[in-house]
Amino acid sequence: MSASTLRIALVGNPNCGKTALFNQLTGGRQKVANYAGVTVERKEGRFTAPSGRVLHLLDLPGTYSFDANSPDEQITRDVCEGVYPGEPAPDLIVCVADATNLRLHLRFVLEVKRLGRPVVLALNMMDTARRRGIVIDVPELQRRLGLPVVETVAVKRGGAKALIERVDGEVPVAAPVQPDDAASRADLHAQVRELLAATVVMPRSTDAMDDALDRWALHPVFGLGILAVLMFLIFQAVFSWAKPLMDGIQAGITVLGAWMTQALPAESALHSLLNDGIFAGLGAVLVFLPQILILFLFILILEESGYLPRAAFLLDKLMFKAGLTGRAFIPLLSSFACAIPGIMATRSITDPRDRLTTILVAPLMTCSARLPVYTLLIAAFIPQRTVWGIFNLQGVVLFTLYVAGIVSALTVAFVIKRFRKDKSEHALLMELPSYRLPNVRDVALGLWERAKIFLKRVGGIILALTVLLWFLSSFPGAPEGATQPAINYSLAGRLGHLLHYVFAPIGFNWQICIALIPGLAAREVAVSALGTVYAMSGGHEAVASQLGPVIAQQWPLATALSLLAWYVFAPQCISTLAVIRRETNSWRNVAITAGYLFGLAYLASLIAYQIAKAMT
Amino acid sequence: MRLSDLPKGAPAVVDRVDDAHASDPIAQRLRDLGFVEGEPVRVVACGPLGADPLLIQIGSTRFALRRTEAERVTVRTGAAA
């Protein structure tokens with residue numbers, strides 16, 4: 001250990017407020033990555049202590065015990081013991097415990113102590129503990145544990161002051177290493193009971209507010225009602241709140257594009273690349289950032305408030321019947337924003353079998369990348385009118401598309417359950433944490449993290465693909481005296497015409513077929529690709545912002561419905577397939593996912609197209 | 001009496017957790033989470049479909065357990081305890 005830096009590992013039970021404490025200490029100075037070769041998230045940050053010492057903080061996954069039931073627990077243990085390859089042993093372990101839930105959390109503190117490394121215990125949520133009249137004799141707890149104990153309030157400004165002072169001081173002496181066997185394991189509970197009896201006075205074991213809220217939130221009828229209303233409100237909000245922001249971004253990009261290219265000759269290839277490739281394509285994608293952020297805002301608030309596990313509780317039986325688990329609700333809900341964080345969130349499902357099923361069906365959840373496609377088609381083909389007095393017809397169609405995704409996910413999971421060989425029992429065993437007011441900083445940091453991921457995808461893969469598509473659709477140029485639009489003669493045109501043989505029975509024209517190709521990399525690219533295709537064939541003035549009216553004029557309704565049905569299943573998202581490969585370490589799962597999604601998409605589109613054609 | 005048969009709201013204490021089969025990881029996890037002899041437990045709520053899962057209050061923590069998981073836990077009610 002050098003004198004000027006200190007490596008600190010943050011450990012604790014799930015729901016101990018560890019991440020809030022990490023955010024409090026490091027603010028925006030944090031880096032999120034993965035442990036090499038595995039799928040457990042690695043969060044690192046740093047801050048400078050008053051003494052000028054730089055403290056490196058590693059936020060380890062929340063665990064109940066070192067039993068190593070899951071990769072999370074294995075890594076937490078290995079890092080703490082300093083045996084994880086490539087990860088230097090921490091100089092100090094800060095063990096975070098929820099002061100209102102010490103009976104559960106102290107057991108893990110004792111497990112950490114037995115590792116024989118320097119440990120500081122942070123009693124978090126001390127404000128809630130005081131409010132509930134819980135009295136903790138900290139000096140006595142410190143004496144009995146043989147560890148320095150500090151009080152923290154992770155969600156209040158300055159709430160980590162005592163912890164910073166303590167870790168900035170001298171590193172505490174480590175307790176001796178103790179064996180970890182079944183007998184000593186059982187003994188831990190006895191020790192916890194003894195500690196609690198000697199140091200903690202609790203007027204009542206539960207929070208009166210939690211009891212009151214849970215009476216409603218978990219009620220068999222009202223609980224489900226509240227959940228349904230919440231979900232419906234979220235989707236209406238995503239559709240209506242984002243509108244003014246989207247209009248603003250749209251206008252801004254148009255102005256910027258015009259300003260950037262005014263100096264260039266109108267017929268030059270560079271002018272075309274900037275206007276029809278980069279600005280038309282990128283603009284049509286960037287415009288959906290508000291919707292994605294609003295969706296993530298709701299998910300983060302539900303997560304922070306402690307409501308998500310309640311929803312999992314309400315839905316467990318239904319999801320279990322379908323071959324999933326209530327825990328899958330959180331990853332699947334995240335998949336509404338994007339299947340990638342959703343599939344990554346399946347790490348919280350400790351059971352490998354439940355986890356695999358969740359990963360396989362996660363792409364069926366309507367991710368926000370489909371929203372550009374849905375909103376484009378809905379705005380162009382579904383009339384704006386009020387149905388049943390209060391609902392917007394466009395909103396109702398969108399809601400129906402979401403429901404179609406959910407129903408097919410449950411159906412696919414059920415089929416997997418019926419046909420798999422391993423039919424043994426797998427547990428739910430889920431803690432329902434106390435309700436909390438979401439902390440603005442934690443929500444803001446989470447939102448920022450997601451915005452960064454989305455913008456990186458827009459900036460990286462999507463930009464590269466938009467430019468590639470522009471190239472494909474510009475070269476080779478039209479021959480002398482050509483009568484058709486130039487794109488007909490390009491590489492993309494030829495490819496689109498070839499694919500058209502496959503997709504003609506489901507009503508796709510060759511422009512859609514072309515757009516499906518770059519749509520492989522990210523679904524929202526299909527919209528910008530369509531924008532590019534139509535801009536190329538319709539002259540430079542037809543940019544992506546006018547795409548809606550153009551397709552409304554040129555496509556039959558049956559084609560639009562067929563494309564909507566296609567995108568309910570839409571297998572093409574290379575990033576999703578890549579993350580499945582990474583999370584399951586198996587190409588077989590990738591092939592299964594891509595194959596069944598393609599089959600379902602083709603079938604659904606075929607049905608939608610043929611029925612709509614027969615009826616119109 | 002099994003925890004899964006305990007009426008909602010009735011106070012009880014844990015007697016033991018039985019392995020459903022040899023080296024049952026679910027039973028071990030239940031013991032790690034504090035389902036050990038002498039801990040007071042209570043059924044707080046039941047899921048909307050088939051009263052499954054159960055919400056169990058143990059100490060100051062609430063856990064959602066499926067009925068099949070709660071069957072592993074034997075409890076003593078007020079009279080027997």
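Residue numbers begin at 1 in each chain, while the letters A, B, ... track the order of the sequences. None of the values given here were measured: they were computed from a predicted structure.
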query = Between Ala190(A), Ala427(A), Pro309(A), which shows the greatest number of heavy-atom pairs under 4.5 Å with chain B?
reply =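 The answer is Ala427(A).
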
remark   = Assert top hit (heavy-atom pairs under 4.5 Å, partner chain B, pool Leu102(A), Thr206(A), Asn15(A), Val192(A)) equals Thr206(A)

query = Any luck finding a side-chain donor-acceptor pair between Thr325(A) and Asp354(A) under 3.5 Å?
reply =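 There is no such pair (donor and acceptor under 3.5 Å, judged by atom type) between the side chains of Thr325(A) and Asp354(A).
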
Pick one of side chain, backbone, both or neither for [X], based on which atoms fall under 4.5 Å of a heavy atom in chain B.
X         : value
Leu318(A) : both
His426(A) : backbone
Tyr64(A)  : side chain
Leu432(A) : both
Thr100(A) : backbone

Side-chain donor-acceptor pairs under 3.5 Å in residues 215-222 of chain A, sequence neighbours left out?
from      : atom 1 : to        : atom 2 : distance (Å)
His219(A) : ND1    : Val221(A) : N      : 3.0
His219(A) : ND1    : Phe222(A) : N      : 3.1

ask   = Does Phe108(A) have Lys113(A) sitting over its ring (NZ/CZ under 6.0 Å from centre, angle to axis within 45°)?
value = no

Salt-bridge test for [X] and [Y]: reply yes if a basic N is under 4.0 Å from a carboxylate O, no otherwise.
X         : Y         : result
Asp19(B)  : Arg31(B)  : yes
Glu111(A) : Arg107(A) : yes
Arg76(B)  : Asp15(B)  : yes

Using heavy-atom distances under 4.5 Å, tell me whether [X] contacts chain A through its side chain, its backbone, both, or neither.
X        : value
Glu39(B) : both
Arg67(B) : neither
Leu55(B) : both

Partner set under side-chain hydrogen bond (donor to acceptor under 3.5 Å, both in side chains) for Asp214(A), not counting sequence neighbours =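 Applying side-chain hydrogen bond (donor to acceptor under 3.5 Å, both in side chains) to Asp214(A) gives Arg310(A), Tyr435(A), Arg62(B).
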
